[in-house]
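For reference, the structure discussed in these notes is given below.
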Amino acid sequence: MVRFFFVFLGLQLTLFGLNMLSWVQKHLVEPWTAMLAQICAFLVTWFDKSAVAEGKVLWNHATNFGVSIEAGCNGIEACIVLFAAIMAFPSSWRHKMIGLVLGFIAVQAVNIVRVISLFYLGQWNMSAFNFAHEYLWQALIMLDVLVVWLVWVRAGQRAKRAEDGTDAPPPSGSGAGPALAAA
């Protein structure tokens, strides 16, 4: 447990530090954030043709309302926490890679829902937008990270038990079945 904590903390500090470098921001974070806005605009235009993405802004040209996807809202920080937790937890490299890929997809899928919901909440009611942006979605994104990590840990434990043969049902006729009372 102590090893997990220190590796988890060290990885987070390292990844958050790398995330702050101007080169990383310019070549990875900003393009990712602009692509996230494009994905959200693409999804929104299925139902609302007045939405467009301009850089990192999802904008409605009919209402002149837009949401700018800033640091902390692009899902990268949540992925850093998840990645650090997965890498710090003892498991096989194969299981870690599966967790990293599926975890990234899960966090970004919830983040897309977050951005789109905030886009519509802001057009409807700024008080609701502010509450959802500052409190509700912050908690929900981190809850998503925790749930994804817990599901990943549990899947790894199940796979390990199956591999070790400790998850197998008892052999038939071993007397391990239900006891029958004599009448």
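Only a predicted model underlies this, so the values are computations on that prediction, with no experimental measurement involved.
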- Note on the structure: When every non-hydrogen atom of Val107 is compared with those of Cys79, the smallest separation belongs to CG1-SG, 3.7 Å
- Linking I/L/V/M/F/W/Y whenever any side-chain heavy atoms sit under 4.5 Å apart, do Ile105 and Val147 land together? no
- dist Asp48:CG -> Tyr120:OH (nearest 0.5 Å) comes out at 4.0 Å
- Taken to the nearest 0.5 Å, the spacing of Asn125 CG from Gln123 CD works out to 12.5 Å
- Quick one: do Met97 and Leu15 end up in the same hydrophobic cluster if we chain Ile, Leu, Val, Met, Phe, Trp and Tyr together by side-chain heavy atoms under 4.5 Å apart? yes
- Might you work through the side chain to side chain contact (heavy atoms under 4.5 Å, CB included) test for Trp59 and Asn64, ending with a clear yes or no? CA-CA 7 Å; Trp59 181 64; Asn64 284 328; 3.3 Å; yes
- Over 12 non-hydrogen atoms of neighbours within 6.0 angstrom of CE in Met126: yes
- Task: Indicate the ring-plane relationship of Phe129 and His133, choosing parallel, tilted or perpendicular according to the 30° and 60° boundaries.
- Result: parallel
- Query: Considering residues, nucleotides and ligands other than Phe6, do more than 12 of their heavy atoms fall under 6.0 Å from its CZ?
  - Reply: no
- Taking atom CG of Leu136 and atom CG of Leu118, what is their separation to the nearest 0.5 Å? 8.5 Å
- Between Leu58 and Val52, is there a shared hydrophobic cluster once you connect ILVMFWY residues whose side-chain heavy atoms come closer than 4.5 Å? no
- Task: Tell me whether Leu18 is reachable from Val7 by hopping between hydrophobic residues (I, L, V, M, F, W, Y) whose side-chain heavy atoms are closer than 4.5 Å.
- Result: yes
- When every non-hydrogen atom of Asn19 is compared with those of Glu77, the smallest separation belongs to ND2-OE2, 3.5 Å
- Of all the heavy-atom pairs spanning His95 and Ala155, show the shortest one and how long it is. CE1-C, 4.0 Å
- Short question: side chain of Lys96, backbone of Ser92 - any donor-acceptor pair under 3.5 Å? no
- Message: Donor-acceptor check, side chain of Arg114 to backbone of Gln138, threshold 3.5 angstrom: yes or no?
- Response: no
- Test applied, ring-ring contact (aromatic ring centres under 6.0 Å, His included); reference residue, Phe89; option that passes from Trp149, Phe8, Phe83, Phe5: Trp149
- The reported gap from CD1 in Ile98 to CH2 in Trp93 (rounded to nearest 0.5 angstrom) is 13.5 Å
- Check the hydrophobic clustering (I, L, V, M, F, W, Y; side-chain heavy atoms under 4.5 Å; chains of links allowed) and say if Leu11 and Leu9 are grouped together. no
- Item | Which atom of Leu121 lies closest to which atom of Ala128, heavy atoms considered | CD2-CB, 4.0 Å
- Over all atoms of both residues, closest heavy-atom pair of Ala51 and Thr45: O-CG2, 3.3 Å
- Note on the structure: Correct closest heavy-atom pair for Ser50 and Asn60 would be OG-OD1, 3.1 Å
- Note on the structure: In this structure, CG of Asn111 is separated from CD1 of Ile141 (nearest 0.5 Å) by 4.5 Å
Please list, one pair per line, the donor and acceptor atoms closer than 3.5 Å that link side chains of residues 32-40 to other protein atoms, with sequence neighbours excluded.
from, atom 1, to, atom 2, distance (Å)
Trp32, NE1, Asn74, O, 3.2
Thr33, OG1, Val29, O, 2.8
Thr33, OG1, Asn74, ND2, 3.0

- Query: Regarding Ser91 and Trp152, is there a side-chain donor-to-acceptor distance under 3.5 Å anywhere?
  - Reply: no
- Message: Using side chain to side chain contact (heavy atoms under 4.5 Å, CB included), reason through Met87 and Leu100 one step at a time and then give a plain yes or no.
- Response: CA-CA 9 Å; Met87 294 306 292; Leu100 293 174; 3.9 Å; yes
- Considering only NZ, NE, NH1 and NH2 on the basic side and carboxylate oxygens on the acidic side, decide whether Lys56 and Glu70 come within less than 4.0 Å. yes
- Message: Rounded to the nearest 0.5 Å, what separates atom CG in Leu143 from atom CH2 in Trp137?
- Response: 10.5 Å
